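What follows is one structure encoded as structure tokens, with my remarks underneath.
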Amino acid sequence: MAANAETAAERAAFYQAIAPQSMTPLWEVMAGLVTPQPASSCQPAHWSYAAARPHVLASGSLITAEEAERRVLVLENPGLKGQSKATTSLYAGLQLVLPGEIAPAHRHSQTALRFLIEGEGGYTTVAGERVTMAPGDFVITPTWGWHDHGNAGDGPVVWLDGLDIPIIQTLDASFAERSAAKAQEPTVPTGATLAQYGNAMLPDEAPAALTSPIFHYPYERSKSAVAAARLDPCHGRRLRYANPMTGDYAMPTMAAYLQAFPAGFESQPYRATDATVFCVAEGEGESEFAGQTFRWAQGDVMVAPSWAWRRHRASRDAVLFSFSDRVVQEKLDLWREDRGNTP
Ligand code: 1HN
């Protein structure tokens with residue numbers, strides 16, 4: 001036997017010998033574990049709302065919201081098939097609630113966010129306060145908070161769900177339970193939380209928590225806020241949804257943003273370690289992620305993988321919602337960005 005073949009055979013025999021002890025050699029896998037740059041299976045992805053919508057509506061005659069518990073079509077990243085993941089660390093889906101339906105009350109460790117895409121009259125009850133959601137509204141369901149949804153309107157309501165499911169999976173920290181009651185009886189007047197915490201005033205006695213006390217950020221308010229933001233060459237006019245008690249992100253595991261591009265805006269190349277899910281609130285344009293170009297319109301969802309170069313172009317005035325795991329990465333001192341040569 002040649003020396004190389006002899007060595008290889010000797011090593012293979014050694015690996016077999018240690019396998020029963022649940023031991024394996026690091027040197028065979030180390031380069032794949034500790035990569036010089038993010039080496040993600042997550043791919044750039046795009047779901048056209050025009051193409052997805054008929055399927056979302058068709059799911060409405062297949063199963064009720066109550067039987068499904070949550071009637072959602074998961075937006076599964078093509079590089080992460082079978083894993084219910086939009087990115088390596090985040091889940092995304094399109095949820096449908098039809099008039100008169102109820103998505104029953106439950107709670108879980110996973111934090112959820114909603115970004116409303118279509119329909120009037122959809123409501124959600126979070127910790128006893130019922131709010132009605134309009135297109136572009138951003139809604140939070142905090143970890144372990146009771147929540148149920150309904151639709152008091154006369155047409156379908158569709159929203160984007162974002163959850164930190166893969167993060168909780170990695171940490172093996174999932175708990176969930178269903179409520180005995182199908183829906184919560186409202187105990188807090190609608191709008192009371194936003195009025196107290198969303199007007200640059202705060203009650204004295206309020207304790208700060210990791211999740212924002214505001215769980216409903218109406219689109220008109222958020223849109224007028226970003227319209228006043230400075231135009232960043234990479235991000236357009238962008239603001240993050242914040243917890244008014246701490247100034248930190250609105251949720252402990254997911255960062256969420258709203259950004260506006262004036263018609264004709266072309267962003268400068270940008271990349272960051274937080275893979276990002278975008279949802280188009282309004283307008284039209286195209287985005288390029290890792291060299292793949294996606295043309296978008298209202299309701300479309302897109303994924304930019306970690307460390308992939310991103311560029312956006314708006315052919316009309318446009319507004320994009322986005323969320324990522326940036327808040328987690330920052331807490332762990334891991335987050336990095338690269339603005340190319342842009343100051
Ligand atoms: C959930 O609770 C909702 O409350 C949506 O609307 C999607 C996906 C997995 C687990 C829980 C919701 C979900 C979910």
Side-chain angles (χ1 to χ4, degrees), residues 47 52 55-56 59-60 62-77 80 82-119 121-135 137-153 156-184 186 211 215-217 250-254 256 277 279 301 303 321 323 325:
W47 294 267
H55 300 302
V56 171
S59 75
L62 208 63
I63 190 166
T64 65
E66 196 169 346
E67 193 195 342
E69 189 162 341
R70 294 297 184 266
R71 186 176 48 220
V72 180
L73 299 187
V74 177
L75 301 179
E76 196 166 69
N77 190 284
L80 304 166
Q83 301 179 51
S84 303
K85 293 177 176 181
T87 73
T88 305
S89 63
L90 299 169
Y91 160 103
L94 293 174
Q95 179 159 178
L96 170 70
V97 184
L98 291 171
E101 284 192 324
I102 287 182
H106 70 191
R107 60 177 178 172
H108 38 69
S109 317
Q110 291 79 5
T111 292
L113 65 83
R114 334 268 167 213
F115 188 74
L116 204 115
I117 293 175
E118 175 183 342
Y123 64 84
T124 186
T125 307
V126 174
E129 184 175 345
R130 176 171 294 181
V131 296
T132 297
M133 301 177 281
D137 287 6
F138 166 60
V139 173
I140 295 173
T141 304
T143 174
W144 209 236
W146 291 109
H147 55 288
D148 54 83
H149 319 301
N151 180 351
V157 168
V158 180
W159 64 72
L160 173 70
D161 284 316
L163 287 92
D164 54 9
I165 292 171
I167 298 176
I168 277 55
Q169 218 167 22
T170 292
L171 301 174
D172 266 337
S174 178
F175 292 90
E177 64 179 334
R178 290 188 71 159
S179 171
K182 194 159 111 178
Q184 297 168 79
T211 304
F215 65 94
H216 177 217
Y217 295 73
M251 298 163 287
T253 49
M254 293 182 284
V277 180
C279 183
V301 179
V303 167
F321 169 81
F323 68 99
D325 63 13

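Here, residue 1 is the first one in the sequence, and each next residue gets the next number. No experiment lies behind these values; they were computed from the predicted model shown. In listed order, ligands and their atoms are each counted from 1.
Heavy-atom contacts of H147 reach the following atoms of ligand 1: 2 (O), 4 (O) (cutoff under 4.0 Å). Contact atoms of ligand 1 toward Q95: 5 (C), 6 (O), 12 (C) (distance under 4.0 Å to a heavy atom of the residue).
Shown here for V131 and H216, the closest heavy-atom pair between the two residues is CB-ND1, 3.8 Å.
Of all protein heavy atoms, the one lying nearest to atom 6 (O) of ligand 1 is H149 NE2, 2.6 Å. Nearest non-hydrogen protein atom to atom 12 (C) of ligand 1 is R70 NE, 2.9 Å. At the top of the distance list for atom 14 (C) of ligand 1, counting protein heavy atoms only, stands L163 CD2, 3.9 Å. What sits closest to atom 11 (C) of ligand 1 on the protein, heavy atoms only, is H108 NE2, 3.7 Å. Of the protein's non-hydrogen atoms, I165 CD1, 3.4 Å is the one closest to atom 9 (C) of ligand 1.
R114 counts as a contact of ligand 1, since one of its heavy atoms falls under 4.0 Å from the ligand. Ligand 1 lies out of reach of E69, whose nearest heavy atom is not under 4.0 Å from it.
Tested against I165, the residues H108, K85, Q110 include a single side-chain contact (heavy atoms from CB on, under 4.5 Å) partner, Q110. Of the candidates H147, H149, R114, T141 forms a side chain to side chain donor-acceptor pair (under 3.5 Å) with just one, namely R114.
The backbone N or O of L98 sits less than 3.5 Å from a side-chain atom of E101, completing a donor-acceptor pair.
For ligand 1, the polar-atom distance check finds no N/O of Y91 at less than 3.5 Å from any of the ligand's N/O atoms.
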- [ ] Report the C-alpha separation of T124 and W159 in whole Å, then their side-chain angles, then the decisive distance to 0.1 Å, and conclude whether the side chain to side chain contact (heavy atoms under 4.5 Å, CB included) test is met.
- [x] CA-CA 12 Å; T124 186; W159 64 72; 5.8 Å; no

Task: V303/W47 under side chain to side chain contact (heavy atoms under 4.5 Å, CB included): CA gap, chis, key distance, verdict - done: CA-CA 9 Å; V303 167; W47 294 267; 3.8 Å; yes

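Under the 4.5 Å side-chain criterion, counting only non-hydrogen atoms from C-beta, D164 is not in contact with D325.
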